[in-house]
Amino acid sequence: MPALVLLGAQWGDEGKGKATDLLGGSVDYVVRYQGGNNAGHTVVVGDQKYALHLLPSGILSPGCTPVIGNGVVVDPAVLLSELSGLNERGVDTSKLLVSGNAHLITPYHTTVDKVTERFLGKRKIGTTGRGIGPTYADKINRVGIRVQDLYDESILTQKVEAALDFKNQILAKLYNRRAIDANKIVDELLGYAEQIKPFVADTTLVLNNAIDEGKVVLFEGGQGTLLDVDHGTYPFVTSSNPTAGGACTGAGVGPTKINRVIGILKAYTTRVGAGPFPTELFDEDGEKLRTIGGERGVTTGRDRRCGWFDAVIARYATRVNGLTDFFLTKLDVLTGWEQIPVCVAYEIDGRRVEELPYSQSDFHHAKPVYEMLPGWSEDISKAKTFADLPKNAQRYVKALEEMSGAPISAIGVGPGRDETIEINSFLS
Ligand code: GDP
Ligand code: IMO
Ligand code: MG
């Protein structure tokens, strides 16, 4: 089983960090292929809790080589501070590899991200303010700065000047902000260059060779399917492709090399930031999910919007990612409800709709059609096998599996590494 993709099946925060970490001990490489430090992946190892933003969750597994692929956007200051934070806690980070083709987030990208959001007012996306969108925009506009540019001062200076020529006009004339000095940016970036140099590598070559040698490579998505710039709830999305195809472009590995695609699926739904969310709850059930599930953002500290499980979204994730398996997380959070509503379809302008509508206005009008499933009250956090779960929890899992279109191969019953029920091995 040489190459697997592990990605979010909903709007992010499904528990990807925990799932990646769980497999980390058995895989040779864990690769981030898109996004940047907008991600917040929590990993709990014993009594230690780690919040990773940019680094792949595999960094916590000693045998594993963590890789930041070409599709990732890298804030060099964040990279270095995350590395030193882990070093201080005794984590060896020396194996990290960073693609020379990955684009850099600079201070002007974070500035543009924040002023753009302010300018949008009530139409804002609710971004993480980490400069993600503006950095990807520069990449597509061919005025981005790449990791490899740190090692050619003349090219770096030319590129920063070119990018700022245009941006300073916008900042000064449109947003009434002070222009940014190109030399200051160049000096700051050069200040990071030597510390990052030991990690820079031709990661596509390394990864393709590894797969050819039968090594196990895990591609770890940030964000989630519904935040994908092509397949998500545009424009309320991030600026990259968290969906499975993103692993190919964002790591330079062909689709023929990928054997398995695992969707991480929360047993209910959450979303951070603006945008449509059909099963969102505004009542005490929503508050209960938020409190019991600890649904507060790891990156921005914002409360997550909470709602019931949405099978239409899960089916859509199966379709656009070609999912082979689901990892169902946070089942334990649902303990204590007498009945649990599950959204099986939408009603849009009086019509029943089974598939995610492609039209944005239809999706904004979608009302959930719920089916009630019986709940359970027993503590399930110690369950080790499917048979250990109360009958109604088993029924809930089986019902979700039937509606979602791919087998549920693991179930999370708590945040810890060992609080997992493994049904089918991901690595066989
Ligand atoms: P990610 O962004 O997909 O990695 O997810 P986050 O780390 O942002 O949010 C998931 C949260 O749920 C974290 O606090 C995890 O520690 C926690 N978590 C993951 N799996 C489970 C589970 O099965 N049960 C419970 N109770 N918590 C979990
Ligand atoms: P992980 O990897 C949840 C959301 C933001 C905003 C939108 C665009 O922890 O699941 P951006 O800063 O990316 O331009 O913001 O995307 N968002 C996330 N929501 N989990 C994440 O990452 C997210 N990363 C971005 O809240 O709505
Ligand atoms: Mg998160």
Side-chain angles (χ1 to χ4, degrees), residues 6-22 32 34-45 48-54 56-57 72-73 75 105 109-110 112-114 116-117 124-137 220-229 232-240 242 263-277 289 291-305 327-335 379-381 383 410-421:
L6 192 156
L7 52 81
Q10 294 149 322
W11 276 287
D13 303 323
E14 298 90 347
K16 299 176 292 293
K18 172 190 158 165
T20 304
D21 169 68
L22 190 70
R32 279 283 309 267
Q34 48 66 236
N37 59 309
N38 50 346
H41 296 175
T42 316
V43 180
V44 180
V45 186
Q48 294 287 309
K49 187 170 171 176
Y50 299 89
L52 300 167
H53 297 285
L54 176 59
S57 305
V72 175
V73 286
D75 184 325
I105 302 178
H109 293 113
T110 35
V112 171
D113 192 356
K114 287 174 188 156
T116 312
E117 282 282 276
K124 71 177 182 190
I125 309 295
T127 73
T128 59
R130 301 298 192 263
I132 305 296
T135 306
Y136 278 115
E220 177 192 21
Q223 293 75 54
T225 300
L226 275 299
L227 287 172
D228 185 284
V229 69
T233 47
Y234 191 90
F236 301 101
V237 293
T238 191
S239 299
S240 67
I264 312 303
L265 187 66
K266 211 180 273 195
Y268 51 97
T269 314
T270 62
R271 169 162 210 174
V272 196
F277 178 0
L289 285 173
T291 309
I292 303 174
E295 298 297 354
R296 171 155 297 134
V298 186
T299 300
T300 56
R302 290 178 289 179
D303 273 356
R304 294 174 182 156
R305 301 158 63 191
F327 187 143
L328 186 71
T329 60
K330 302 190 99 162
L331 186 64
D332 53 303
V333 174
L334 293 179
T335 300
D379 174 16
I380 61 169
S381 62
I411 303 167
V413 291
R417 249 184 205 171
D418 50 353
E419 290 170 310
T420 307
I421 297 172

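Whatever order the structure lists ligands and atoms in, that order sets their numbers, starting from 1. These numbers come from the heavy atoms of this one structure, side chains and all, not from hydrogens, waters or symmetry mates.
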At a non-hydrogen distance cut-off of under 4.0 Å, which region of Arg304 contacts ligand 1 (side chain, backbone, both, or neither)?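 The side chain, only.
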Any idea which protein heavy atom is nearest [atom], and the distance to it?
{"atom": "atom 3 (C) of ligand 2", "result": "Asp13 OD2, 3.2 Å"}
{"atom": "atom 7 (C) of ligand 2", "result": "Val237 O, 3.8 Å"}
{"atom": "atom 13 (O) of ligand 2", "result": "Thr238 OG1, 2.6 Å"}
{"atom": "atom 20 (N) of ligand 1", "result": "Lys18 CD, 3.4 Å"}

Would you tell me which option among [options] has the nearest heavy-atom contact to [atom]?
{"atom": "atom 18 (C) of ligand 2", "options": "Leu226, Thr127, Leu227", "answer": "Leu227"}
{"atom": "atom 21 (C) of ligand 1", "options": "Gly412, Gly15, Gly416, Gly414", "answer": "Gly414"}
{"atom": "atom 1 (P) of ligand 1", "options": "Lys16, Glu220, Gln10", "answer": "Lys16"}
{"atom": "atom 7 (O) of ligand 1", "options": "Ile380, Thr42, Ile411", "answer": "Thr42"}
{"atom": "atom 25 (C) of ligand 1", "options": "Val44, Leu6, Asp332", "answer": "Asp332"}

Close side-chain approach of Tyr50 and Thr42, heavy atoms under 4.5 Å: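 No, side chains not in contact.
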For Asp13, what is the atom name of its N, O or S atom nearest to the Mg ion (ligand 3)?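 It is OD1 of Asp13.
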Can you name the atoms of ligand 1, numbered from 1 with element, that are less than 4.0 Å from a heavy atom of His41?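 The atoms of ligand 1 under 4.0 Å from a heavy atom of His41 are 1 (P), 2 (O), 4 (O), 7 (O).
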Are Arg302 and ligand 2 in contact, using a heavy-atom cut-off of under 4.0 Å?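 The answer is yes, since Arg302 has a heavy atom less than 4.0 Å from ligand 2.
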When you measure from the heavy atoms of Ser239 to every atom of ligand 2, does any distance fall below 4.0 Å?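 Under 4.0 Å: no for Ser239.
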Gly8 near ligand 1 by a heavy-atom separation under 4.0 Å: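 No; Gly8 lies far enough from ligand 1 that no heavy-atom distance drops under 4.0 Å.
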